[in-house]
Colleague: 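Have a look at the structure that comes next, please.
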Amino acid sequence: MIFSIIIPTYNEEEYLPVLLDSIKMQSFDDYEVIVADANSTDKTREIAESYGCVVVDGGLPAVGRNKGAEVAKGEYLLFLDSDLELTEDYLRNVLYEFRMEHLGIAITKMKPLSDKVEDKIFHDFANYFMIGVEKIKPHGAGCYGIIVKKSLHDEVGGFDESLTFGEDTDYIERIAEKERFRVLRNAEIGVSTRRLEEEGIVTLIQQYGKSTVNDFLGKRTDAEELDYNFDHGRERLTTTQMEGISKRTEQLNKMKKNYDKSVERVKSIQDNLKKSHVRDRKVVFYCVCGEGMGHSIRTGVIVERLIEKYDVYIFTYGNAYDYLNSKFDNVHEIGGFNTVYINNKVDNFKTLVSALKRNPHNLKSNYEELYKKAKELSPDVIVTDFEIYSTYVSKLLNIPLISLDNMHIITQANISYPQNQRLEMLKAKAVIKTYVVKPKIHIITSFFYPKVRGNHHAVIYPPIIRDAILKLKPTVEDHIIVYQTSKESGKLVKRLKALKDENFIVYGFNKEEVDGNLTYKMFNEDVFYDDLASAKAVVCNGGFTFISEAITLKKPIYSVPAKGNFEQILNGYYVQRLGYGEYHEVMSAKRLEKFLKKLPKYQEKLSKVKNYNNDGIIKELIYRIEQYSKK
């Protein structure tokens with residue numbers, strides 16, 4: 001079960017049916033309703049039972065909520081007051097945003113069940129305030145829809161029953177110390193204005209203002225200190241006060257009507273100006289690093305899904321351009337940088353020289369293709385897979401930027417790595433931070449899952465795997481796949497000839513040739529899939545995509561990362577750490593021979609790895625595109 005909806009009640013026969021009807025009207029139905037009643041003297045219990053609710057004994061609000069949680073069966077608890085009304089698709093919107101934002105606890109925005117301007121102003125102010133302080137001090141203005149993981153509720157011991165006021169804010173704060181809190185943006189809940197009518201705006205502002213100041217000072221507020229009454233039985237406003245509010249309401253309503261007329265006129269003019277630019281689908285620019293094949297392969301998987309919903313324009317270079325241009329329309333070639341390798345080692349000096357030589361051409365090319373196209377098409381969002389110029393265009397034209405790659409696990413998570421590689425790690429961090437600057441979010445794909453650093457806006461998903469790979473049924477035959485994308489890896493590969501009893505199929509050298517026990521093949525997806533699926537092991541550098549595909553097909557991995565490429569070193573290191581194979585700094589025929597004798601051990605570890613489809617990361621990306629798109 002997804003939701004346990006918990007409602008504390010006391011003499012709520014007038015309001016409870018409205019809430020229960022709004023719950024029944026939801027398009028989402030995986031929930032139970034628990035009413036924790038504090039010995040009502042009216043028909044509250046009978047009404048709850050007639051709607052099929054689970055009814056338990058309650059007490060003060062904190063007691064009732066805890067009593068309801070004790071019998072709850074849902075994965076998430078949704079605490080509601082009895083005088084609320086769910087808006088259309090409330091439950092579905094809450095669940096989607098809660099999961100997409102990877103939250104532990106959340107509250108929803110309030111929408112007054114009233115047409116009065118002052119009621120709307122009051123609740124809008126409360127919404128803005130709660131959103132404004134959510135990262136500074138999580139706050140809840142009344143229990144207007146608190147959503148929390150049941151496991152967290154149990155972990156903190158529920159609501160503090162000793163508090164007579166502000167128990168909801170105390171509860172939120174304690175849970176927000178453990179997992180992320182947010183005011184949900186896409187779900188609103190209808191809120192009764194009975195307390196506004198009974199106690200007046202001034203009184204409520206004074207009550208909540210005082211309690212909020214106390215919260216920020218670390219003090220808890222008692223109900224008696226605020227003259228707060230749980231059953232709403234205070235005296236009504238005087239006739240003079242009511243007349244004053246009525247006059248002020250008339251003035252506000254007139255102001256609102258004039259404002260609405262002005263807004264309507266402005267909107268009409270804007271609509272007429274924009275008619276020629278109206279488009280049915282959002283425009284997404286997808287900018288891709290062209291080095292190697294990994295970035296382009298996962299881009300292909302993602303874009304195949306995105307083009308069902310958006311107009312997608314791809315910008316890339318090198319092999320990635322050839323690969324993606326053969327699959328999609330609207331693929332544009334831009335300039336980019338490639339790392340220079342000598343004997344499987346990064347040559348930083350030659351890489352820098354090459355970048356400087358290409359920079360004038362790159363700037364011209366990217367101005368013509370990327371910047372001008374962005375000015376012309378006004379994309380709603382830019383997605384970057386570690387492509388450097390997309391950041392510049394994003395900042396220059398104020399277009400929201402989303403990062404999706406595997407590289408940023410180095411900057412966004414608490415990774416482990418070989419301690420002799422600390423200098424390379426620091427260099428890698430510095431480079432990565434210059435490539436993608438302050439995107440709205442980092443969507444990271446990885447086969448290992450370190451914890452994201454505190455306050456970093458990042459999420460980690462399993463690797464993006466081609467559907468053709470996911471559909472393969474792996475077998476074990478008598479050959480080993482060798483995958484090298486650097487032409488300078490020739491010496492490394494030739495050492496494999498020393499293992500004359502082993503057959504190696506070698507990809508990455510762009511040739512068809514047989515050299516003893518080495519069979520070189522041109523890259524052909526169908527042939528490559530068959531060879532990989534039937535291999536008994538793989539030999540590779542530290543490329544993320546190939547390692548991820550090998551893990552998916554349960555193939556033991558012998559990784560020799562390029563020296564000086566920390567991302568490859570990190571991948572190789574985690575292959576060994578997780579027991580999927582071995583990581584070595586240099587190729588050795590003797591070590592490889594020993595590795596092959598231990599294949600059963602690695603195969604057993606790999607057999608326990610769970611495979612995932614790409615739905616999760618695709619949904620995350622679509623959610624972020626919708627959330628951050630230019631309005």
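These numbers come from a predicted model, not from an experiment.
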Colleague: Could you walk me through whether Tyr583 and Gln568 pass the side-chain hydrogen bond (donor to acceptor under 3.5 Å, both in side chains) check?
Modeller: CA-CA 10 Å; Tyr583 142 69; Gln568 288 196 12; over 6 Å; no
Colleague: Partners of His479 by ring pair (Phe, Tyr, Trp, His ring centres under 6.0 Å), sequence neighbours excluded?
Modeller: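 Listed in chain order: nothing, the list is empty.
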Colleague: In terms of side-chain geometry, is the basic nitrogen of Lys590 or Glu593 positioned less than 4.0 Å from the acidic oxygen of its partner?
Modeller: no
Colleague: Ignoring hydrogens and geometry, is there a side-chain-to-backbone donor-acceptor pair from Asn330 to Ile314 under 3.5 Å?
Modeller: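 Checking the backbone N and O of Ile314 against the side chain of Asn330, no donor-acceptor pair under 3.5 Å is found.
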Colleague: Can you give me the closest heavy-atom contact between Ala458 and Ile444, atom names plus distance?
Modeller: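 Minimum heavy-atom contact is CB-CD1, 4.1 Å.
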Colleague: State yes or no: are the ring centers of Phe447 and Tyr574 separated by less than 6.0 Å?
Modeller: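 No, they do not, as the ring centres are separated by 6.0 Å or more.
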Colleague: Do Phe3 and Val94 have side-chain heavy atoms sitting under 4.5 Å apart?
Modeller: yes
Colleague: Does a donor on one side chain and an acceptor on the other come within less than 3.5 Å for Arg577 and Tyr573?
Modeller: yes
Colleague: Taking the six-membered ring for Trp, are Phe386 and Tyr435 ring centroids under 6.0 Å apart?
Modeller: yes
Colleague: Do you see a donor-acceptor pair shorter than 3.5 Å between the side chains of Asn406 and Glu567?
Modeller: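 Side-chain D/A pair, Asn406 to Glu567: present.
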Colleague: Do Glu585 and Asn420 get their side chains close enough for a donor-acceptor pair, meaning under 3.5 Å?
Modeller: yes
Colleague: Could you check whether Arg182 pairs with Glu97 (Lys NZ or Arg NE/NH1/NH2 to Asp/Glu carboxylate O, under 4.0 Å)?
Modeller: yes
Colleague: Taking Lys536 for the side chain and Ile480 for the main chain, is one N or O donor matched with an acceptor at less than 3.5 Å?
Modeller: no
Colleague: Assess whether a salt bridge exists between Glu525 and Arg466, defined as any Lys/Arg side-chain N lying under 4.0 Å from an Asp/Glu carboxylate O.
Modeller: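 A salt bridge links Glu525 with Arg466.
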Colleague: Verify the distance criterion only: is there a donor paired with an acceptor across the side chains of Tyr602 and Glu582 at less than 3.5 Å?
Modeller: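 Judged by distance alone, the side chains do pair up.
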Colleague: Indicate the atoms forming the closest heavy-atom contact of Asn517 with Leu496, along with that distance.
Modeller: ND2-O, 3.5 Å
Colleague: Are side-chain N/O atoms of Glu626 and Tyr310 paired as donor and acceptor at under 3.5 Å?
Modeller: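 The answer is yes; a qualifying pair exists.
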Colleague: For the pair Lys327 (side chain) and Val303 (backbone), establish whether a donor and an acceptor sit closer than 3.5 Å, ignoring hydrogens and angles.
Modeller: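 Side chain of Lys327 to backbone of Val303, a donor-acceptor pair under 3.5 Å: no, none is there.
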Colleague: Checking the side chain of Asp380 only, and the main-chain atoms of Val283 only, is there a donor and an acceptor separated by less than 3.5 Å?
Modeller: yes
Colleague: Does Arg624 reach the main-chain N or O of His442 with its side chain, forming a donor-acceptor pair under 3.5 Å?
Modeller: no
Colleague: Kindly say whether Gly542 contributes a backbone atom to a donor-acceptor pair with the side chain of Asn571 at under 3.5 angstrom?
Modeller: yes
Colleague: For Tyr507, run the ring pair (Phe, Tyr, Trp, His ring centres under 6.0 Å) check against Phe528, Tyr520, Tyr483 and tell me which one passes.
Modeller: Phe528
Colleague: Is any side-chain heavy atom of Leu592 closer than 4.5 Å to a side-chain heavy atom of Arg495?
Modeller: no
Colleague: Who passes side chain to side chain donor-acceptor pair (under 3.5 Å) against Tyr623, sequence neighbours left out?
Modeller: Glu101
Colleague: Might you work through the salt bridge (Lys or Arg N to Asp or Glu O under 4.0 Å) test for Arg185 and Glu134, ending with a clear yes or no?
Modeller: CA-CA 12 Å; Arg185 309 302 199 257; Glu134 68 181 356; 2.7 Å; yes
Colleague: Testing the basics here: between Ile441 and Val459, what is the closest heavy-atom pair and its distance to 0.1 Å?
Modeller: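 Ile441 and Val459 have their closest heavy atoms at CD1-CG2, 4.3 Å.
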Colleague: Does Arg174 reach the main-chain N or O of Val156 with its side chain, forming a donor-acceptor pair under 3.5 Å?
Modeller: yes
Colleague: Counting distance only, does the side-chain N/O of His332 pair as donor-acceptor with the main-chain N or O of Leu370 below 3.5 Å?
Modeller: no
Colleague: Can the ring centroids of Tyr371 and Tyr392 be said to lie less than 6.0 angstrom from one another?
Modeller: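 No; Tyr392 has its ring centre 6.0 Å or more from that of Tyr371.
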Colleague: Give a yes or no on whether a salt bridge exists between Asp405 and Arg298, defined as a side-chain N under 4.0 angstrom from a carboxylate O.
Modeller: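 Looking at Asp405 and Arg298, the cut-off is not met.
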Colleague: Hey, which of Lys149, Arg99, Lys150 is the one that makes salt bridge (Lys or Arg N to Asp or Glu O under 4.0 Å) with Glu75?
Modeller: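 The salt bridge (Lys or Arg N to Asp or Glu O under 4.0 Å) with Glu75 is passed solely by Arg99 among Lys149, Arg99, Lys150.
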Colleague: Does any N or O in the side chain of Thr316 come within less than 3.5 Å of the main-chain N or O of Val288, such that one atom is a donor and the other an acceptor?
Modeller: yes
Colleague: Do side-chain atoms of Lys554 reach the backbone of Pro474 as a donor and acceptor pair under 3.5 angstrom?
Modeller: no
